[in-house]
Number of protein chains: 2
Amino acid sequence: MDTDRKDIHNSDIPVLCRSCDARHKGMCGALDSAELVALSRHTRIVRHAAGDELAAESEPTESYANVMRGVVKLTKVLEDGRQQIVGLQFAPDFLGRLFARESAVTAEAASEVDLCRVPKGALERLVAANPRLEHRLMQQTLRELDEAREWMVTLGRKTAAEKVASFLYLIATHLDPSADANAKGRKFDLPLTRGDIADFLGLTLETVSRQLSRLRADKVIAITAVTRVEVADLERLRKRCG
Amino acid sequence: MDTDRKDIHNSDIPVLCRSCDARHKGMCGALDSAELVALSRHTRIVRHAAGDELAAESEPTESYANVMRGVVKLTKVLEDGRQQIVGLQFAPDFLGRLFARESAVTAEAASEVDLCRVPKGALERLVAANPRLEHRLMQQTLRELDEAREWMVTLGRKTAAEKVASFLYLIATHLDPSADANAKGRKFDLPLTRGDIADFLGLTLETVSRQLSRLRADKVIAITAVTRVEVADLERLRKRCG
DNA sequence: GAATGGCCTTGATCAGGATCAAAAGCCGCC
DNA sequence: GGCGGCTTTTGATCCTGATCAAGGCCATTC
């Protein structure tokens, strides 16, 4: 209690929110400090290990979340087990399908992940009361729709080689926001296994592995460890994306 | 002038809007009669022939629209001309990417189409002033995102036969909203050519044609004219969707 | 009603990626 | 340090759907 009030007095912003990206680039940027304080009473930071299931397809969802660290994959499966990754979420993305009774996708931690969870009802009340928040979430939803459509081109019309290059390009440009955007090269850890990448690209893991080997042989990338990729020249990689 | 005022007096609802589906299931349902009257001063009903380009990729958009009749296809192309249809819009869908400076897709009339066009600025002002309208559009955007992700599974993981069955199932369930939802069968005209269907499914038109022939040979569908399809038992078709 | 030009269908062949199979790295664990 | 369980890589073969090619159907036009 006492500390709570001191926090508010000190800065008007809850401790947990002070260094959170969601406040700058994510949905919390739409909230003033009073709303932030009110919301933070309901939120809970949770850490999940890679592989943890965060939400299941056709299961009721009882909370939304902001991704604070790590990568979350959204997947859908056919009855016979064929699987497709339909989205990847990076910090500070909002996680969850607003207003939906149940999730249309399975959400799984691709890497170790920190989430800032909010109970469904609490967020929906806040959205109803604050059009600016809904506007923010609308902007993200529109961006996700743009990305989904971009990816449909990749899935439907690109060759295996172009698909793998496109995936690497996506990761290189999304994963490390701290990297200098102008830098020619990038180094990063793949947040997905070969099998996951295959599920993202509509390929088999063998094909993914072969195409990675080919990109390495062609010196477009270096693979310094099984999950470690270095791109010396992003532009050369982009040329391979079709 | 005089007629205008009479219309308003008569029913509070602009003539053009009275029989429009967008007022019931589309975005205009979020507007009260005064807003409807105000908005209708800016709208213009336009008819487009099949094949007309309604908006071009990377071109500035100066208006949004509601689809009142017909089917609009949204496409994206790779530099070398490979094409992918990334969405289909049916009445009374909203057409356009809210808040975007330029379109990320090409919109083209797949059939003869009637649009209710609204200038970009007019709609954006209305959205800013009316959170309920943004909420409506948010709902449609979320639905489109769900559909895009559903389609990613089809593109990435289904066989050619399953893709074609899935397309027919989509059309059968979306095209004729007046049809009895419980009816076992459906009859409809395909709004797309074989080439368009191929671009939607990530196939070639020859493969689409062959798979259609196979579905006909297997008595899952009847093709009574080149664009006319009859499905006797929707459930049998669904079983082919994978 | 013949000619023209779009679509569409069907056939023959080809190739890209899947599948099947095995070996090679990698890592935790005893 | 060596063992067992992994994911990943690489190889050999197969098969689905692409490509190349020809012909058919239909509407429009003269």
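Everything quoted here is computed from the prediction, not taken from an experiment. Quick note: numbers below take in every heavy atom, side chains included, and nothing from hydrogens, waters or symmetry partners. Chain identifiers are assigned alphabetically (A, B, ...) following the order of the sequence lines, protein sequences preceding nucleic acid strands; residue numbering begins at 1 within each chain.
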#### Entry: Sugar-phosphate, base or nothing in reach of B:L212, heavy atoms under 4.0 Å
nothing

### Task
Please report, rounded to the nearest Å, how far the C1' atom of D:dT7 is from the CG atom of A:L190.
13 Å

### Task
Using a 4.5 Å cut-off on heavy atoms from C-beta on, say whether the side chain of A:T75 contacts that of A:D199.
no

### Task
Return the angle between end axes of the helix from C:dG1-D:dC30 to C:dC30-D:dG1, with five pairs used per end and rounding to 10°.
30°

#### Entry: Value in whole Å for how far the C1' atom of D:dT8 lies from CG of A:L215
16 Å

With 3.5 Å as the limit, what N/O pairs link the protein to nucleotides 20-28 of chain D?
from   : atom 1 : to     : atom 2 : distance (Å)
D:dC20 : N4     : B:E206 : OE2    : 3.2

### Message
When you compare the side chain of B:L234 with that of B:Y169, does any pair of heavy atoms fall below 4.5 Å?
### Response
yes

## Note on the structure
Whole-Å distance, A:L203 CG to D:dT16 P, equals 18 Å

### Query
Between B:T207 and B:T204, is any side-chain donor less than 3.5 angstrom from a side-chain acceptor?
yes

### Query
Looking at residues at least two apart in the chain, or sitting in another chain, which of them share a ring-ring contact (aromatic ring centres under 6.0 Å, His included) with A:F94?
A:Y64

### Message
Quick check on side chain to side chain contact (heavy atoms under 4.5 Å, CB included): which of B:L155, B:I171, B:L237, B:T154 does B:S166 satisfy it with?
### Response
B:T154

### Rounded interatomic separation in angstrom, taking CG from A:L192 and C1' from D:dT7
14 Å

### Query
A:V231 versus A:K187: any side-chain heavy-atom pair under 4.5 Å?
no

### Task
Respond yes when some side-chain nitrogen or oxygen of A:S213 is under 4.0 Å from OP1 or OP2 of D:dT10, and no when none is.
yes

### Query
Is the backbone of B:V71 close enough, under 3.5 Å, to the side chain of B:S111 for a donor and an acceptor to pair up by distance?
yes

#### Entry: A:I223 CD1 - D:dT8 C1' separation (whole Å)
10 Å

### Task
Round to a whole Å and report the spacing from CG of B:L201 to P of D:dT16.
18 Å

### Query
Looking across every strand, which nucleic acid part, if any, lies under 4.0 Å from A:R214 by heavy atom: base, sugar-phosphate, or nothing?
nothing

### Query
So does B:R240 pair up with B:D218, basic N to acidic O under 4.0 Å?
yes

### Message
What is the first contacted nucleotide of DNA chain C and what is the last, in 5' to 3' order, if contact means an atom lying under 4.0 angstrom from a heavy atom of chain B?
### Response
C:dC8 to C:dA12

### Pair A:S63, A:R117: side-chain N/O donor-acceptor within cut-off below 3.5 Å
yes

### Message
Reading DNA chain C from 5' onward, which residue's closest nucleotide shows up sooner: A:T159 or B:L205?
### Response
B:L205

### Query
With the threshold set at 4.0 Å, does a side-chain nitrogen-carboxylate oxygen contact exist between A:R69 and A:D21?
no

### Query
Looking at residues at least two apart in the chain, or sitting in another chain, which of them share a ring-ring contact (aromatic ring centres under 6.0 Å, His included) with A:F200?
A:W151, A:F167

### Distance test, side-chain N/O of B:T207 to OP1/OP2 of D:dA18, below 4.0 Å
yes

### Task
Can you sort out the partners of B:E102 under side chain to side chain donor-acceptor pair (under 3.5 Å), two or more places apart, ordered by chain and number?
none

### Nearest listed nucleotide, side chain of B:T204, among D:dG17, D:dT8, D:dT19
D:dT19

### Task
Would you kindly compare A:G202 and A:A225 by the position of their nearest DNA chain C nucleotide and give the one closer to the 5′ end?
A:G202

